[in-house]
Visitor: 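The structure follows.
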Amino acid sequence: MKVAVFSTKAYDRKFLSAANSPTQHELVFFEPRLNRDTAILAAGFPAVCVFVHDQVDAPTLELLASRGTRLVVLRCAGFNNVDLQAAADLGITVVRVPAYSPYGVAEHAVGLILSLNRKIHRAYNRVREGNFSLDGLLGFNLHERTIGIVGTGKIGLILGQIMKGFGCNLLAYDVYRNPELEALGGKYVELPELFANSDIISLHCPLTPETHHLINAEAIEQIKSGVMLINTSRGALIDTQAVIEGLKSGKIGYLGVDVYEQESELFFEDLSGEIIQDDIFQRLTTFPNVLITGHQAFFTAEALHNIAETTFANIADVEHGRPCANEIRAQVSA
Ligand code: NAD
């Protein structure tokens, strides 16, 4: 099948081309993101392959459909950037990669926790400048601290397993209980109790209307003073302005994020020679107790391999008219 692959970087080309060698689909790689201006590039392609920042909205889908596209292949799990209803109305099938690196994301969350706690990001710079002072680098033992995990699906569970290994107590909140988390000794509580009793709060739920700005001014009122807040899920789980106020007052003691509400303007690009216009983001970068990574939690060799393999398995299912377990339809919530 002819597949227009949008938002491609060198690493996408490498892993997708390797996984495509047995199937020999005709892949054409485009660097730009898919949106209504770039949809024309996919004219005559029955399939487009997209990532998290491509805008697969109704006008884009209409343009794609009018030029022969029948399949949207997401090489990611989240599909908040796709208008599923419009796709269904236009007869376009949408498939995704539901799980590709739960260990990678959970391990990255642990990396943020350890770095923030022991100030490794600050120590790295100090030592390179010949500054071996320990002032300001004081950390705390994770042993017997309480971590509150919001969203105990694949990634939240793995984080629970890892943090259990550190000797942490586990509190959890989810709309469904995960017996595996309970078997670890994790205790499900309502959000206010989790906020009030956790030394570290880590977010692992999807972005939905219910979870949008889950961490807002009201939630920050309820949290333990000096809490460490970790977000590797989606930026809009956090009201960034409210979190900045929490950091300024000291109510939030540490912030580690791999995602940011307005990240599509910034992440995945080299903007080192540009003047960044997002003042909220720039304010975040001024805090010594804030660590930001640019949506790299998923970025492991295993994940890219799994994404590529699942992407071609999904295409094969659709191409051969087989039911595809990874198809997503309008009624499924993200
Ligand atoms: P998952 O579907 O296995 O788990 C999500 C959990 O959230 C489920 O248990 C679900 O019941 C729970 N949930 C749903 N609504 C909730 C609510 N209102 N309150 C509390 N919990 C709720 O998903 P996963 O694979 O563990 O991924 C979790 C999130 O991680 C994804 O939604 C995605 O946003 C994010 N993610 C980030 C990266 C990255 O690179 N930073 C990579 C992959 C996934």
Side-chain angles (χ1 to χ4, degrees), residues 7 9 11-12 51-53 74-82 96-113 147-163 170-182 184 186-195 198 201-216 219 229-238 255-261 263-264 266-268 291-307 310-311 325-326 328 332-334:
S7 298
K9 305 285 185 198
Y11 46 82
D12 294 309
F51 197 48
V52 292
H53 293 154
L74 292 163
R75 49 181 197 278
C76 55
F79 47 88
N80 48 298
N81 53 335
V82 183
R96 65 170 179 149
V97 184
Y100 44 89
S101 66
Y103 285 95
V105 179
E107 288 167 12
H108 191 79
V110 176
L112 292 173
I113 292 169
I147 178 160
I149 302 175
V150 180
T152 54
K154 292 178 283 295
I155 297 170
L157 172 65
I158 294 167
L159 181 73
Q161 291 166 338
I162 298 171
M163 298 313 288
L170 307 180
L171 289 181
Y173 174 77
D174 197 307
V175 285
Y176 301 107
R177 289 178 176 223
N178 184 338
E180 287 187 73
L181 198 277
E182 288 183 304
L184 281 176
K187 185 181 166 207
Y188 280 91
V189 294
E190 290 304 313
L191 271 181
E193 194 177 336
L194 182 146
F195 288 151
S198 298
I201 298 171
S202 196
L203 307 179
H204 299 285
C205 54
L207 175 63
T208 64
E210 294 75 45
T211 59
H212 182 262
H213 285 186
L214 182 89
I215 303 295
N216 56 15
L229 178 62
I230 303 292
N231 185 11
T232 56
S233 267
R234 284 291 179 264
L237 295 178
I238 283 181
L255 175 71
V257 293
D258 184 54
V259 285
Y260 169 63
E261 194 164 4
E263 69 176 50
S264 64
L266 304 169
F267 288 3
F268 303 139
L291 189 49
I292 306 172
T293 52
H295 209 135
Q296 70 173 82
F298 76 98
F299 196 58
T300 63
E302 290 83 354
L304 293 190
H305 174 77
N306 291 340
I307 287 170
T310 308
T311 293
N326 296 327
I328 37 174
V332 181
S333 60

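Just follow the structure's listing: the first ligand is 1, and inside any ligand the first atom is 1.
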Visitor: Would a 4.5 Å heavy-atom cut-off, applied to side chains only, mark Asp174 and Leu181 as touching?
Guide: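 Not in contact.
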Visitor: Of all residues at least two apart in sequence or in a different chain, which pass the ring-ring contact (aromatic ring centres under 6.0 Å, His included) check with His53?
Guide: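 His53: ring-ring contact (aromatic ring centres under 6.0 Å, His included) contacts with Phe268.
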Visitor: For the residue pair Thr152 and Tyr188, confirm or rule out a side-chain donor-acceptor distance under 3.5 Å.
Guide: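 Their side chains do contain a donor-acceptor pair, which is all the 3.5 Å distance test asks for.
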Visitor: Using a 4.0 Å cut-off on heavy atoms, what residues surround ligand 1? Order them by chain and number.
Guide: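 The 4.0 Å shell around ligand 1 contains Tyr100, Val105, Gly151, Thr152, Gly153, Lys154, Ile155, Tyr173, Asp174, Val175, Tyr176, His204, Cys205, Pro206, Thr211, Thr232, Ser233, Arg234, Asp258, His295, Ala297, Phe298.
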Visitor: Quick check: closest heavy atoms across Ala99 and Lys154, and the distance to 0.1 Å?
Guide: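 For Ala99 and Lys154, the tightest heavy-atom pair comes out as CB-CE, 3.5 Å.
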Visitor: Can you name the nearest heavy-atom pair linking Tyr100 to Ala77, along with the distance?
Guide: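 For Tyr100 and Ala77, the tightest heavy-atom pair comes out as CE2-N, 3.5 Å.
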Visitor: Where does the angle between the aromatic ring planes of Phe267 and Tyr260 fall among parallel (under 30°), tilted (30 to 60°) and perpendicular (over 60°)?
Guide: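 Phe267 vs Tyr260 ring planes: tilted.
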